[in-house]
Amino acid sequence: MNSRPYLLFICSVSAMGGLLFGYDWVVIGGAKPFYELFFGISQSPFMQGVAMTTALVGCLVGAMVAGALADRYGRKPLLSTAAVLFTASALATGYFDDFVMFNIARFIGGVGIGVASALSPMYIAEVSPAHIRGRMVSLNQMTIVLGILGAQIVNMLLARDTTDPVSQAWNLEWGWRWMFWAETLPAALFLVMSFFIPESPVYLGLKGSKGLKGSSEAGLRELFTPRYSRVLLLGLIIAVFQQWCGTNVIFNYAQEIFVGAGFNVDGMFINIVITGIANVLFTFVALYTIEKWGRRTLMLIGAGGLGIIYAILGACYFVGMTGVLMVALVVAAISCYAMTLGPVTWTLLAEIFPHRVRGIAMATCTFALWVGCCTLTFFFPPMNASLGTYGSFWVYAAICICTFVFLLRRCPETKGKSLEQLEKELTSP
């Protein structure tokens with residue numbers, strides 16, 4: 001794995017899990033106005049919340065089982081399994097006319113997201129040398145945002161003029177289906193390419209040195225011992241904060257946010273793509289800064305920067321401001337997140353845990369991350385209804401500032417250090 005082109009190839013294949021993660025996670029936001037009318041839930045906030053969170057519940061299950069299965073069977077088979085789940089979910093979600101079956105299909109896709117989100121960055125970290133590990137793991141975030149942008153563009157292209165009755169009928173019957181079906185092509189490609197990458201050398205080393213029967217259970221018990229308490233707490237807070245910082249609400253509830261800022265549905269789709277482009281561009285910035293500025297610096301910039309932006313955004317909603325300035329503030333928030341918390345979270349989680357417990361630790365933190373995402377997504381509609389959009393953004397601002405203080409005191413710098421060196425530094429004696 002010393003060849004740079006070969007390393008880039010296998011990391012890119014693994015990162016396709018991130019591409020599908022991003023697409024599957026965000027595509028529902030564009031389909032939302034249409035499938036809600038099709039299933040007759042447009043006046044039921046509870047059922048809308050169910051539809052939006054079913055896949056996230058699947059993420060919890062996928063993340064929960066990913067670590068144990070990866071330690072028992074290897075990283076590579078789990079990546080192939082995630083590809084199968086993505087393909088099946090994409091086909092089934094667009095096929096079913098029954099709301100229950102629609103949600104079951106979304107749940108299956110969510111399991112794929114949970115598995116891929118835990119395994120892709122971990123696999124990349126385990127095959128990459130220390131001096132470029134951060135950049136390689138950031139490829140996973142790059143593919144996530146490319147998947148998000150791809151979903152946003154597909155949604156915009158497939159959504160027809162909402163003022164024309166014939167076009168609106170197409171949106172309600174076929175448009176939302178094709179938004180989900182479009183995922184099958186990259187999912188099938190990921191499945192094929194996953195057979196051409198090697199198993200992680202870390203997994204092979206663990207398997208060869210001591211065998212892995214029962215190691216996942218032992219690893220889970222060991223993870224919750226005092227020796228790993230400090231690094232586990234750090235990982236859990238970083239994981240949950242990536243979701244509770246609030247940026248992902250912009251993707252999942254873009255309709256409410258941009259309509260609240262004075263835009264119609266057609267303008268909403270254009271603005272969503274603008275945020276997606278900013279997301280991609282500033283993730284490129286992260287690829288070049290993560291090895292120069294370091295993980296700790298970027299995490300502090302992200303937490304502090306988002307806290308300030310959300311405070312201003314909340315004030316603008318409070319005074320009833322609309323138009324381009326609101327879009328600019330939303331883009332600023334997305335840009336800040338894309339070059340900091342988005343990629344750096346996955347890099348840190350893949351780096352800070354020792355080899356012996358990395359699989360189960362990564363799964364535990366990813367499970368916590370999806371708990372954070374699930375609660376964020378489910379509770380935004382009632383919070384937004386009770387506090388207003390301005391109040392919601394002020395809550396996220398407070399979370400960001402509090403986490404900034406925690407990171408300032410507890411977040412280490414991992415740039416340029418081997419995984420073995422980090423293990424010695426971060427685990428208590």
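All of these numbers come straight from a predicted model, not from anything done at the bench. Values reported hereafter were calculated over all heavy atoms of this structure, with side chains retained and with hydrogens, waters and symmetry mates removed.
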Examine the side chains of Trp244 and Thr403 and answer whether a donor and an acceptor come within less than 3.5 Å of each other. no
Hydrogens and angles aside, do Tyr310 and Thr247 bring a side-chain donor and acceptor to less than 3.5 Å of each other? yes
Could you check if a side-chain atom of Tyr317 sits within less than 4.5 angstrom of a side-chain atom of Met326, using non-hydrogen atoms only? yes
For side chain to side chain contact (heavy atoms under 4.5 Å, CB included), just list the numbers for Arg230 and Arg410, CA-CA rounded to whole Å, side-chain angles, deciding distance to a tenth of an Å, and then say yes or no. CA-CA 9 Å; Arg230 183 179 64 171; Arg410 300 290 295 273; 3.4 Å; yes
Point-to-point distance, once rounded to the nearest 0.5 Å, from CD of Gln242 to OG1 of Thr340: 9.5 Å
How long is the straight-line distance from CE of Met299 back to OG1 of Thr347, given to the nearest 0.5 Å? 10.0 Å
Would you please indicate yes or no on a ring centroid separation below 6.0 angstrom for Phe21 and Trp370? yes
Determine whether the aromatic ring centres of residues Phe86 and Phe190 are separated by less than 6.0 angstrom. no
Check whether Thr375 reaches the backbone of Gly372 with its side chain - one donor and one acceptor, N or O, closer than 3.5 Å. yes
Quick check: does any side chain N or O of Glu199 sit under 3.5 Å from a backbone N or O of Arg75, one acting as donor and the other as acceptor? yes
Does Phe318 form a side chain to side chain contact (heavy atoms under 4.5 Å, CB included) with Trp394? I'd like the steps, not just the answer. CA-CA 10 Å; Phe318 182 76; Trp394 283 342; 4.0 Å; yes
Taking atom CZ of Phe284 as the centre, does the number of heavy atoms from other residues, nucleotides or ligands within less than 6.0 Å exceed 12? no
Residue among Leu341, Leu306, Val331 satisfying side chain to side chain contact (heavy atoms under 4.5 Å, CB included) with Cys336: Leu306
